[in-house]
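The block underneath contains the structure these notes are about, expressed in C-alpha cells.
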Amino acid sequence: MPKGMAGPQAAIQLPALPPCPGPNLAAFQPSNPQIKWIERIDTDQDGESSTQGCVYKVEIESKIYALKIFKFFDPATIRYYWEGEAQGSVPSNEIIFYTDPFFAECRAYGRIKEARATKGIREKLAVPCHGYLFLTKRDEMRLKRDGVNLGSRSLSEELRPPHLDTTLVRAIVKDFEPRPSGLNSKNVRLALRKVRRLNEIRVYNGDIRGDNFRGGYLVDFGTSQTEPHCLLDSLEEDDLEGKKLEDMVMFDEAVAEDEVKTKVRALLERRQQPLRKRKR
C-alpha cells in the first residue's frame, strides 16, 4: 500500500495492484473487513511446506469466501531466474511486480476482469476473485496461533518498490468452491477448455496440476505470467512459443498423473523431449 498511510485499518482508497504496465487488481471492498476465520483448506497444512502461503475458508459480511494469504517474497531468492532476462527492461525495484506470487495472481485476475469488460467474455474462466486486501495485526496473530509462518519481511533497498509498504500481510479474496480439488472424467474437458481460454487472453498459469483445480476451474495463479511481462518479452520467438505451450504440456501430465479415464488431451502429438518435472 502507499507509504505514509496509517495501516490496513485506515479508511482509505487503496490502489489497484501492481502499479506497473499491464493488468492489475482492485482492492476488496470493504478494504478493512472483519474476518471470521472458519478453517484452513489448502492441502499443505503444516505451515512450512507451501512455498506461496496458505488458504482459509472465511466469512466476511455474512458471505463465505476462500482467502489466500501470501508469504513475503524477496526477488533476490530467484535472482538467477530474472537478472539476465529482465536487466534493462524494468528497474530492479520493480522486478517484484513480475516475480512475486501475490502480484502474479493480481495480474492474472486483473486480466480476467479486463477481458470480461473489454472483450465481452461472459463465461467463467476460473474460480472468481473479488480483490486483494491487507490483513490486520489481529488477523496476523490468528495465523501465528495456527502455526503459519509467512517468512521474513526483509527486502533490500535495491529491490524495494517505491511507494509501497512491503511489510503488510497480503491476501486475495476468492469464491469458496466446495467441490473437491482434482481432475476427473467429469470435469477434465471443461478444465482444458478454460485453460485454453486463459491462454487466449495471454494468461499462462505455469502450474497446471490436479490440486489447482476445483470443479474444473483453476483456483491458483501464483506462478502465472500475464502479458505484457518483462520475462516473456525477453524471449526469442521460438522460446516464447515453447513457453506458451507449457500449460498444455502440463495439462496432459496432470491427466496422466491423476489417472483420469479420458481421451481428452491438450496436445495431439507429444514432443520427443521428456516432459519436465514440476515443483510441488
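Just the heavy atoms: all of them, side chains too, but no hydrogens, waters or symmetry mates, feed the values below.
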Next item on the list: Assess K243 against Y204: is NZ or CZ under 6.0 Å from the centre of the six-membered ring, and within 45 degrees of the ring's axis?
Entry: no
Under a 4.5 Å cut-off applied to non-hydrogen side-chain atoms, are [X] and [Y] in contact?
{"X": "N24", "Y": "C106", "value": "no"}
{"X": "F213", "Y": "D258", "value": "no"}
{"X": "K68", "Y": "Q52", "value": "yes"}
{"X": "N199", "Y": "M248", "value": "yes"}
{"X": "E253", "Y": "R209", "value": "no"}
{"X": "F102", "Y": "F73", "value": "no"}
{"X": "F176", "Y": "I41", "value": "yes"}
{"X": "I112", "Y": "L198", "value": "yes"}

Margin query: Quick check on the hydrophobic clustering: are I69 and V219 connected, directly or via other members, by side-chain heavy-atom contacts under 4.5 Å?
Written below: no
Margin query: Is there a path of hydrophobic side-chain contacts, each under 4.5 Å between heavy atoms, that joins V195 and L267?
Written below: yes
Mark yes when over 12 heavy atoms from residues, nucleotides or ligands other than [X] sit less than 6.0 Å from its [atom1]; otherwise mark no.
{"X": "E236", "atom1": "CD", "answer": "no"}
{"X": "Q34", "atom1": "CD", "answer": "no"}
{"X": "R153", "atom1": "CZ", "answer": "yes"}
{"X": "E237", "atom1": "CD", "answer": "no"}

Item checked: Validation row, ring centre F70 to ring centre Y132 under 6.0 Å -> no
Notebook entry, point to check: Does a salt bridge link E61 with K63, judged by any charged N lying under 4.0 Å from a carboxylate O?
Noted result: no
Next item on the list: Take K244 and E227, measure what salt bridge (charged side-chain N to carboxylate O under 4.0 Å, His left out) needs, and give me the verdict at the end.
Entry: CA-CA 11 Å; K244 291 180 178 180; E227 294 187 273; 3.6 Å; yes
Heavy-atom pair of closest approach, residues [X] and [Y]:
{"X": "L155", "Y": "P161", "answer": "CD2-CD, 4.0 Å"}
{"X": "L190", "Y": "G215", "answer": "CD2-O, 3.7 Å"}
{"X": "V58", "Y": "I38", "answer": "C-CD1, 3.9 Å"}
{"X": "R107", "Y": "P23", "answer": "O-CG, 3.3 Å"}
{"X": "C129", "Y": "K113", "answer": "O-NZ, 3.0 Å"}
{"X": "Y98", "Y": "P21", "answer": "OH-CD, 3.8 Å"}

Next item on the list: Would you please test L164 and I96 for side-chain contact (heavy atoms from CB on, under 4.5 Å) and show each step?
Entry: CA-CA 11 Å; L164 285 177; I96 195 170; over 6 Å; no
Next item on the list: Could you walk me through whether K174 and E105 pass salt bridge (charged side-chain N to carboxylate O under 4.0 Å, His left out), step by step?
Entry: CA-CA 11 Å; K174 308 178 188 183; E105 293 222 0; 2.8 Å; yes
Notebook entry, point to check: Do D247 and F251 pass the side-chain contact (heavy atoms from CB on, under 4.5 Å) test, and can you show the C-alpha distance, the side-chain angles, and the key distance before you say yes or no?
Noted result: CA-CA 6 Å; D247 281 357; F251 188 91; over 6 Å; no
Check: Can you tell me if D252 uses its side chain to pair, donor with acceptor, with the backbone of A266 under 3.5 Å?
Finding: yes
